[in-house]
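Remarks on the structure that follows.
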Amino acid sequence: MASIPTDAPYPARTAPPPATAKPAAAARLVSIDALRGFVMVLMLLDHVREGFFLWVPIGDPVDALTVSPASFFSRLTSQICAPVFVALTGLGAYLYAQKHSKSDTTAFLLKRGIFLVLLELTVVNFQWRAEFPPTIVYLQVIWAIGLSMIVLAGLIRLPHIVIAAIGVAIVAGHNLLDPIVLPPEHPFYAIWSLLHERGTITIGGLPIRFSYPVLPWIGVICLGWTAGPWFARGDVAARGRTLVRAGLAMLAAFVVLRFANVYGDTPWFVVPGSSLRTVMSFLALTKYPPSLLYVLATLGFGLLLLALFDRIADARVTGWLAVLGGAPMFFYLFHLYLLRTVYLIALAIWGTNHGELFGLPSIGWIWLMWLLLIVPLYFPTRWFSNLKKRRKDIRWLKYL
């Protein structure tokens, strides 16, 4: 949900391109915000599903053998959210660096990363549990983005090719570490849980759950930084071709590796008598931490979407999505607390009825609720987005 200002389309130390190229640069910025807004809308659907299935026992939302197909494919729609957000954070950092010094960019990434970590520990965690003092702390996506920004702050002085190599090496190679499983009593259990294996530690009697191990996300943010030069140039057509080629290459690599079934994720399997569940098994990918195949599929699709939004930057729907993408943290926090409010109202009416969706007959009602919530979320976000543009003197607004 991190958004780094990208309002300077050209490097500060070079002359601007001819006037005819400026509309292309403006379109580029719209496309980035539009993609961010698009995945936020998908995230809303997943959080509505998660919130209103809270009392339905689901161990793994993409378990091809046990989860209903409707729930599975509803969950599948949101799979691109976290990888795209993290990659766009890296891309935004590169563009930010084009009009700021390395020292200013490093300081901004550090401050923004620390801010996100503190936000996860306080405002975000309180929403999920509504407990004070908390009985458990979940370190999730905001935490992962914050730590990734802090690490990127230490990497940006390296040559561009080195950052690219680090990103590829982490994303492609971290699944080699999967066999390493440390018991809680191991001296490196805490650091390993933070980096690669979901685990829980206890500090001062308070359980801390590492829901988003951060190592693969560091690789993803480096890949986002690597794509920066594509956007630092004003040639929209050439950039579009590059985005499409890269996206198709990642999707092709995903298909080949997934069919090979030897590396990059938990093997898929044939479900006897059910072609649908066999397809579900093929598409069920590991998010915690994100596997190589998960990143290939989601970022490949994300690159194609970015090329599409680049091409239709003047379309009305792109502008609507860009409004949401212009204030992502505000949208994220506001939607969490709105969903918590709606959930508590439903809880007061129907109680904790296990096995039913608060009396709703099917998951189709979740999709309907999702559509109905977009409007009340859009207008406050538009107001805040305009406030950010209008009040540059309020420095803390840029962190939201």
Looking at every heavy atom in both [X] and [Y], which two are closest together, and how far apart are they?
X: V30; Y: A322; answer: O-CB, 4.0 Å
X: C81; Y: V39; answer: SG-O, 3.1 Å
X: F85; Y: I145; answer: CB-CD1, 4.5 Å
X: I163; Y: C222; answer: O-CB, 3.7 Å
X: V67; Y: P61; answer: CG1-O, 3.7 Å
X: A87; Y: L299; answer: CB-CD2, 3.9 Å

Donor-acceptor under 3.5 Å ([X] side chain, [Y] main chain):
X: W225; Y: A93; result: no
X: S385; Y: T381; result: no
X: H174; Y: I170; result: no
X: W370; Y: V41; result: yes
X: Q98; Y: A232; result: no

Euclidean distance, [Y] [atom2] relative to [X] [atom1], rounded to 0.5 Å:
X: M43; Y: I80; atom1: CE; atom2: CD1; result: 12.0 Å
X: S193; Y: L182; atom1: OG; atom2: CG; result: 7.5 Å
X: L44; Y: M369; atom1: CG; atom2: CE; result: 10.0 Å
X: F115; Y: M329; atom1: CZ; atom2: CE; result: 6.5 Å
X: F331; Y: R382; atom1: CZ; atom2: CZ; result: 14.5 Å
X: L76; Y: L42; atom1: CG; atom2: CG; result: 10.5 Å

**Asked** Just checking, is any N or O donor in the side chain of S71 or S68 under 3.5 Å from an acceptor N or O on the other one?
**Response**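 Yes.
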Any chance [atom1] of [X] has more than 12 other-residue heavy atoms, nucleotides or ligands included, within less than 6.0 Å?
X: R311; atom1: CZ; result: no
X: L372; atom1: CG; result: yes
X: K389; atom1: NZ; result: no

Are side-chain heavy atoms of [X] and [Y] found at a separation under 4.5 Å?
X: L292; Y: Y263; value: yes
X: W217; Y: P290; value: yes
X: L338; Y: L373; value: yes
X: Y332; Y: I142; value: yes
X: F231; Y: V236; value: no
X: T77; Y: W367; value: yes
X: N261; Y: F269; value: no
X: L243; Y: L304; value: no

**Message:** Between T202 and L206, is the side-chain contact (heavy atoms from CB on, under 4.5 Å) condition met? List the steps.
**Reply:** CA-CA 5 Å; T202 301; L206 180 64; 5.7 Å; no
For [X], which residues count as a side chain to side chain donor-acceptor pair (under 3.5 Å) partner, sequence neighbours excluded?
X: Y212; value: K287
X: D265; value: T286, S291
X: R75; value: D46, Y288

**Request:** Could you please spell out the steps behind the side-chain contact (heavy atoms from CB on, under 4.5 Å) verdict for W143 and F210?
**Result:** CA-CA 9 Å; W143 151 274; F210 295 100; 4.0 Å; yes
In terms of hydrophobic clustering (I, L, V, M, F, W, Y; side-chain heavy atoms under 4.5 Å; direct or indirect links), are [X] and [Y] co-clustered?
X: L195; Y: I180; answer: yes
X: L285; Y: V262; answer: yes
X: V117; Y: Y138; answer: no
X: Y337; Y: M40; answer: yes
X: L251; Y: L257; answer: no

**Set of residues satisfying side chain to side chain contact (heavy atoms under 4.5 Å, CB included) with respect to A253, sequence neighbours excluded** = L296
**Prompt:** Does the side-chain contact (heavy atoms from CB on, under 4.5 Å) test come out yes or no for V271 and L65, once each step is laid out?
**Reply:** CA-CA 8 Å; V271 180; L65 292 177; 3.9 Å; yes
**Asked** Among I156, I221, V151, which one satisfies side-chain contact (heavy atoms from CB on, under 4.5 Å) with L109?
**Response**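 So the option named by the test is I156.
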Please state whether the rings of [X] and [Y] are parallel, tilted or perpendicular, taking 30° and 60° as the class boundaries.
X: Y94; Y: H160; value: perpendicular
X: F282; Y: F259; value: tilted
X: F188; Y: H186; value: tilted

**Asked** L336 and V123: side-chain contact (heavy atoms from CB on, under 4.5 Å), yes or no, with the steps?
**Response** CA-CA 10 Å; L336 286 182; V123 178; over 6 Å; no
**Asked** Who pairs with F330 by ring pair (Phe, Tyr, Trp, His ring centres under 6.0 Å), at least two apart in sequence or on another chain?
**Response** F334, F384
**Prompt:** For R316, what residues pass the salt bridge (charged side-chain N to carboxylate O under 4.0 Å, His left out) criterion, not counting sequence neighbours?
**Reply:** none
